Protein chains: 2
Amino acid sequence: MITVFARCRVHYDGRAKSELGPGDRVIVIKPDGSFLIHQSKKREPVNWQPPGSRVRLELRENPVLVSIRRKPRETLEVELEEVYMVSLFRAEDYEELALTGSEAEMAELIFERPELIEPGFKPLFREKQIKHGIVDILGRDSSGNLVVLELKRRRAELHAVSQLKRYVEALREEHGNGVRGILVAPSLTSGAKRLLEEEGLEFRKLEPPKRDRKSRGRQTTLV
Amino acid sequence: MITVFARCRVHYDGRAKSELGPGDRVIVIKPDGSFLIHQSKKREPVNWQPPGSRVRLELRENPVLVSIRRKPRETLEVELEEVYMVSLFRAEDYEELALTGSEAEMAELIFERPELIEPGFKPLFREKQIKHGIVDILGRDSSGNLVVLELKRRRAELHAVSQLKRYVEALREEHGNGVRGILVAPSLTSGAKRLLEEEGLEFRKLEPPKRDRKSRGRQTTLV
DNA sequence: ATATGCATGTCGTAA
DNA sequence: TTACGACGTGCATAT
């Protein structure tokens, strides 16, 4: 990884287009082609290039770092007015992040303990493709109704209710009116609650579980 | 801004929870509290803390960088096993990004040249709050119908059609059936097209304009 | 390659 | 503060 402290101007053209006047920034270039330009505020880089981009240094009046992405074609040019520091870091790293508390783990939990939704609930499919989208969990209740679950790891917003409604309507068109929709989340915004109730959809409160040592991709032994 | 090259372990607990085993990473700490940990791949930091977090250095067996955010309470601990470099950069920067090609500029364009939607179209409101959400543009057509526009700066997906459908249904409940919905975007995904047609909604092709020198927040003189 | 949806999303804006 | 939606979203996954 290369890190540069410099006063620079930045020109970007691609999906959008931007200009950034002169100022001091931290530039990070990764071996996978990722290119980050950070101002002294915010979590987000002010400009960037994603992995797979190709970088080169051009010598014009000022040296210019040029990073190019194809597909979509995007160009990032960093005009270096003054370079305060350049450093190369040969970083060795074989570890991957192990994260827990995701929506995927809420789904696992529901398959393990379906009674968390309601007595007699039977989950049947996970990430089931239907006519207009992909349902988080599709199952049946004790009365034989189809039940669509839409899971959210955080407070559910209008967006989540729209999603659930879209799935329920698609399934009702195919399977008739015996289709229920349940939004499963730790909580609901006011607007989400209003739309949910108006549409005759339901809500079950469920927090995303924080398990021990959830490793990327596949779940390891539980305690 | 402080930049550290180090072999470290990372422990995060907050909205979710994660562990990252030992490896070489680049750490950036900004004066606004932003805290970034970058591995040698991907545009995204593997762990982070947003602006407003408070950082301190604790001396245990190893030195540990602790960054804490309140509301929500989130803790990030970086256990430094070996520090290769530490550097402080007093970055002076008074410039802001000027970006063009946004959805906001599509809206401006439509207010300037409403015939891009159709002859006789009259835009009335921008970002208009309605019962279930906020409509991008609300206007009337030459026949006196209410017209809802949903704008997307890039290829529109199912998500965009769901949004438009939610707005149109909310307005139909209030104003009766003389309500049209038009998705305005450079293109449509296959699934978006299918749902749009099934719902009797419409599509107008429009690219986000790249103007000269669009500055943050307010638009400057056009050529 | 396209389509779909999650994310510790982050960020800006309005009520 | 909460709600809502954009973002050059990035990213993984399935087709």
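Quick note: numbers below take in every heavy atom, side chains included, and nothing from hydrogens, waters or symmetry partners. Here the structure is a predicted model, which means the values were calculated and not measured. Each chain gets a letter, A, B and so on, in the order the sequences are listed, and its residues count up from 1.
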Can a salt bridge be assigned to the pair [X] and [Y] using a cut-off of 4.0 Å between side-chain N and carboxylate O?
X	Y	value
Lys131(B)	Glu198(A)	yes
Asp13(A)	Lys210(B)	yes
Glu96(B)	Lys41(A)	no
Arg211(A)	Glu108(A)	yes
Glu199(A)	Arg194(A)	no

Of the options [options], whose atoms approach the side-chain atoms of [X] most closely?
X	options	result
Ser18(B)	dA7(C), dT8(C), dG5(C)	dT8(C)
Arg155(B)	dA6(D), dT2(C), dA3(C)	dA3(C)
Ile134(A)	dC6(C), dG5(C), dT8(C)	dG5(C)
Tyr12(A)	dG8(D), dA6(D), dT8(C)	dG8(D)
Gln163(B)	dA6(D), dG9(C), dC6(C)	dA6(D)
Arg154(A)	dT2(C), dT9(D), dT10(C)	dT10(C)
Glu103(B)	dC7(D), dG5(C), dA7(C)	dC7(D)
Pro51(A)	dC11(D), dT2(D), dT2(C)	dC11(D)
Arg153(A)	dG5(C), dG8(D), dA7(C)	dA7(C)

Glu77(B): which of Arg56(B), Arg60(B), Arg9(B) passes salt bridge (charged side-chain N to carboxylate O under 4.0 Å, His left out): Arg60(B)
Atom [atom1] of [X] and atom [atom2] of [N]: how far apart are they, to the nearest Å?
X	N	atom1	atom2	result
Leu97(A)	dA12(D)	CG	C1'	14 Å
Gln49(A)	dT9(D)	CD	P	13 Å
Arg69(A)	dA1(C)	CZ	P	12 Å
Phe125(A)	dA14(D)	CZ	C1'	16 Å

Whether the side chain of [X] and the base of [N] hold a donor-acceptor pair under 3.5 Å is what I'd like checked.
X	N	result
Glu74(A)	dG8(D)	yes
Glu44(A)	dG8(D)	no
Asn47(A)	dG8(D)	yes

Kindly say if [X] contacts the phosphate of [N], meaning a side-chain N or O under 4.0 Å from OP1 or OP2.
X	N	value
Arg43(A)	dT8(C)	no
Arg73(A)	dG8(D)	no
Arg15(B)	dT10(C)	yes
Trp48(B)	dG9(C)	no
Lys41(A)	dT10(C)	no
Lys71(A)	dT2(C)	yes
Lys152(B)	dA6(D)	yes
Tyr167(A)	dT4(C)	no

From Lys165(A) atom NZ to Arg166(B) atom CZ, the distance as rounded to the nearest 0.5 Å: 9.5 Å
For Arg204(B) against Ile117(B), the heavy-atom pair lying closest together: NE-O, 3.1 Å
Exceeds 12 heavy-atom contacts within 6.0 angstrom, atom NZ of Lys193(A): no
Whole-Å P distance, dT8(C) and dG5(D): 22 Å
dG8(D) to dC4(D) separation - P atoms, rounded to the nearest Å: 23 Å
Select base, sugar-phosphate, or nothing to describe what [X] touches, counting heavy atoms under 4.0 Å on all strands.
X	result
Asp13(B)	nothing
Gly14(B)	nothing
Arg166(A)	sugar-phosphate

Plane angle bin for Phe89(B) and Phe5(A) - parallel if under 30°, tilted between 30 and 60°, otherwise perpendicular: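 Answer is parallel, since the angle falls under 30°.
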Those residues of residues 187-194 of chain B lying under 4.0 Å from DNA chain D by at least one heavy atom: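 Per residue number, the list is empty: none.
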Residue-level proximity of residues 24-35 of chain B to DNA chain C when a heavy atom falls under 4.0 Å: none
Ser18(A) versus Asn47(A), side-chain donor and acceptor atoms under 3.5 Å: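 Their side chains do contain a donor-acceptor pair, which is all the 3.5 Å distance test asks for.
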Val78(B) and its side chain to side chain contact (heavy atoms under 4.5 Å, CB included) partner, picked from Val64(B), Ile37(B), Val55(B): Ile37(B)
